[in-house]
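Take a look at the structure set out below.
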There are 2 protein chains.
Amino acid sequence: MSDKVEQNWKEILHAHITKKGLRLTQQRLLISEVFFEEVQHHTNIDELYQHIREKNPGIGYATVYRTLKLLTECGLATSMQFSDGTRRFEPVTDHHDHLICTECGKIMEFENEAIENLQDEVALSFGFSLTSHTMELYGVCDGMKNQGVCSVQ
Amino acid sequence: MSDKVEQNWKEILHAHITKKGLRLTQQRLLISEVFFEEVQHHTNIDELYQHIREKNPGIGYATVYRTLKLLTECGLATSMQFSDGTRRFEPVTDHHDHLICTECGKIMEFENEAIENLQDEVALSFGFSLTSHTMELYGVCDGMKNQGVCSVQ
DNA sequence: TTAAGTGCAAACCTTTTGCTGCCCC
DNA sequence: GGGGCAGCAAAAGGTTTGCACTTAA
């Protein structure tokens with residue numbers, strides 16, 4: 001997985017903000033720093049918000065939501081709806097899918113070219129031009145199978 | 001795809017209701033009939049509710065939600081969160097995945113054993129025991145590509 | 001008869017929006 | 001200095017819940 005975004009998000013964000021005549025505020029910078037450099041991928045709003053408030057207790061949910069929306073417009077972030085209804089945000093890196101432990105909540109990322117090729121075939125057979133997909137695999141991870149406890153959040 | 005559920009839902013529902021000491025009310029029967037026999041699969045609450053109200057204008061959203069929850073507990077229904085955030089309900093039939101036209105909203109169902117096998121492999125390689133998955137392919141269907149109009153809702 | 005279910009409205013939860021004062025450019 | 005922005009609170013949208021009345025068994 002590339003860390004292009006981790007390296008370049010400041011440039012990309014700055015370019016977008018300049019182009020649109022927006023402003024790079026302290027809040028936007030802080031929220032972005034925490035989002036890209038501090039919390040784990042697949043964070044939810046609450047977790048992100050807690051981390052942000054540790055550094056600036058005055059920030060409100062609205063600003064976090066608005067900044068996440070801004071990052072999404074830059075192509076730097078994306079949100080996912082998991083099938084349990086929770087919404088999570090992650091930095092945009094290379095495309096990947098998710099493998100989720102239903103016992104401990106651990107989320108792994110993976111890519112599989114063979115599956116992607118088959119998806120294209122399926123779409124073609126229905127006359128569809130594929131533009132994107134989501135795939136989530138749910139199961140039980142090693143840690144939970146062996147010990148009933150998993151050290152990874 | 002089997003239509004086991006379409007044939008048997010009354011029996012299954014009745015058995016569940018009896019076992020749990022619940023009651024087969026007019027509302028539950030009406031909502032289930034509309035859900036299993038009248039609306040298309042992948043219905044959303046509003047569409048379902050409109051159809052139901054045509055037959056019994058007095059029914060409220062709460063009853064529809066409560067009945068859908070009951071059907072889910074029986075294993076007769078399931079709900080899905082699509083990546084655009086909408087929630088849809090469908091009768092439980094054989095497992096399948098979804099192919100969705102982003103232009104006209106058409107939803108196709110498909111199964112692909114080769115993909116499922118690869119999913120198992122991926123999960124195993126991470127030490128996971130796979131229990132379920134969701135996969136949604138987004139693209140543009142034939143109708144929309146050719147005419148810019150699609151006759152299928 | 002009586003406990004479960006319905007309908008209604010209110011509560012809830014997550015996300016968005018309007019407004020007023022603030023601050024980046 | 002002026003317009004975009006933050007913070008707050010209120011609104012919105014979707015789903016659940018409490019309560020008093022109704023109804024299936």
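The sequence lines fix the lettering, A, B, ..., with proteins before strands; numbering per chain opens at 1. These figures come from a predicted structure and were not determined experimentally.
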Next item on the list: Tell me which residues in residues 49-68 of chain A put a heavy atom below 4.0 Å from DNA chain C, sorted by number, or none.
Entry: A:Ala62, A:Tyr65, A:Arg66
Next item on the list: List for me each residue that meets salt bridge (charged side-chain N to carboxylate O under 4.0 Å, His left out) alongside A:Glu38, sequence neighbours excluded, and say none if there are none.
Entry: A:Lys55
Check: Under the side-chain contact (heavy atoms from CB on, under 4.5 Å) test, which residues partner A:Ser132, sequence neighbours left out?
Finding: B:Tyr138
Note to self: OP1 or OP2 of D:dT23 versus the side-chain N and O atoms of B:Gln27: is any pair under 4.0 Å?
What the structure shows: no
Item checked: Helical bend (five base pairs per end, nearest 10°) for the helix from C:dT1-D:dA25 to C:dC25-D:dG1 -> 30°
Next item on the list: Report yes if at least one side-chain N or O of B:Thr25 is closer than 4.0 Å to OP1 or OP2 of C:dT6; otherwise report no.
Entry: yes
Checklist line | Residue pairs fulfilling salt bridge (charged side-chain N to carboxylate O under 4.0 Å, His left out) with at least one residue in residues 118-141 of chain A, sequence neighbours excluded | finding: none
Next item on the list: Verify the contact: side-chain N or O of B:Gln26 to OP1 or OP2 of D:dA24, cut-off strictly under 4.0 Å; return yes or no.
Entry: yes
Note to self: Please enumerate all residues that pass ring pair (Phe, Tyr, Trp, His ring centres under 6.0 Å) together with A:His133, with sequence neighbours excluded.
What the structure shows: A:His95
Side chains of residues 56-73 of chain A: which donor-acceptor pairs under 3.5 Å do they make with residues two or more places apart or in other chains?
{"from": "A:Asn56", "atom 1": "OD1", "to": "A:Gly58", "atom 2": "N", "distance (Å)": "2.9"}
{"from": "A:Tyr61", "atom 1": "OH", "to": "A:Asp46", "atom 2": "OD1", "distance (Å)": "2.6"}
{"from": "A:Thr67", "atom 1": "OG1", "to": "A:Thr63", "atom 2": "O", "distance (Å)": "2.8"}
{"from": "A:Thr72", "atom 1": "OG1", "to": "A:Leu68", "atom 2": "O", "distance (Å)": "2.8"}

When the side chains of residues 98-105 of chain A are checked against the rest of the protein, which donor-acceptor pairs come out under 3.5 Å, sequence neighbours left out?
{"from": "A:His98", "atom 1": "NE2", "to": "A:His42", "atom 2": "NE2", "distance (Å)": "3.1"}
{"from": "A:His98", "atom 1": "NE2", "to": "A:Glu90", "atom 2": "OE1", "distance (Å)": "3.3"}
{"from": "A:His98", "atom 1": "NE2", "to": "A:His96", "atom 2": "NE2", "distance (Å)": "3.3"}
{"from": "A:Thr102", "atom 1": "OG1", "to": "A:Gly139", "atom 2": "O", "distance (Å)": "3.2"}

Are there any protein N/O atoms within less than 3.5 Å of an N/O atom in nucleotides 1-3 of chain D, and if so, which ones and at what distance?
{"from": "D:dG2", "atom 1": "N2", "to": "A:Arg23", "atom 2": "NH2", "distance (Å)": "3.3"}
{"from": "D:dG3", "atom 1": "N2", "to": "A:Arg23", "atom 2": "NH1", "distance (Å)": "2.1"}
{"from": "D:dG3", "atom 1": "N3", "to": "A:Arg23", "atom 2": "NH1", "distance (Å)": "3.0"}
{"from": "D:dG3", "atom 1": "N3", "to": "A:Arg23", "atom 2": "NH2", "distance (Å)": "3.3"}

Pairs under 3.5 angstrom only: tabulate donor-acceptor contacts from the side chains of residues 16-28 of chain A to other protein residues two or more places apart or in another chain.
{"from": "A:Thr18", "atom 1": "OG1", "to": "A:His14", "atom 2": "O", "distance (Å)": "2.8"}
{"from": "A:Thr25", "atom 1": "OG1", "to": "A:Arg28", "atom 2": "N", "distance (Å)": "3.2"}
{"from": "A:Arg28", "atom 1": "NH1", "to": "A:Arg23", "atom 2": "O", "distance (Å)": "2.8"}

Next item on the list: Could I get the full list of side-chain contact (heavy atoms from CB on, under 4.5 Å) partners for B:Ala15, not counting sequence neighbours?
Entry: none
Note to self: Taking side-chain hydrogen bond (donor to acceptor under 3.5 Å, both in side chains) as the definition, give me every residue that meets it alongside A:Thr43, ordered by chain and number, with sequence neighbours left out.
What the structure shows: A:Glu47
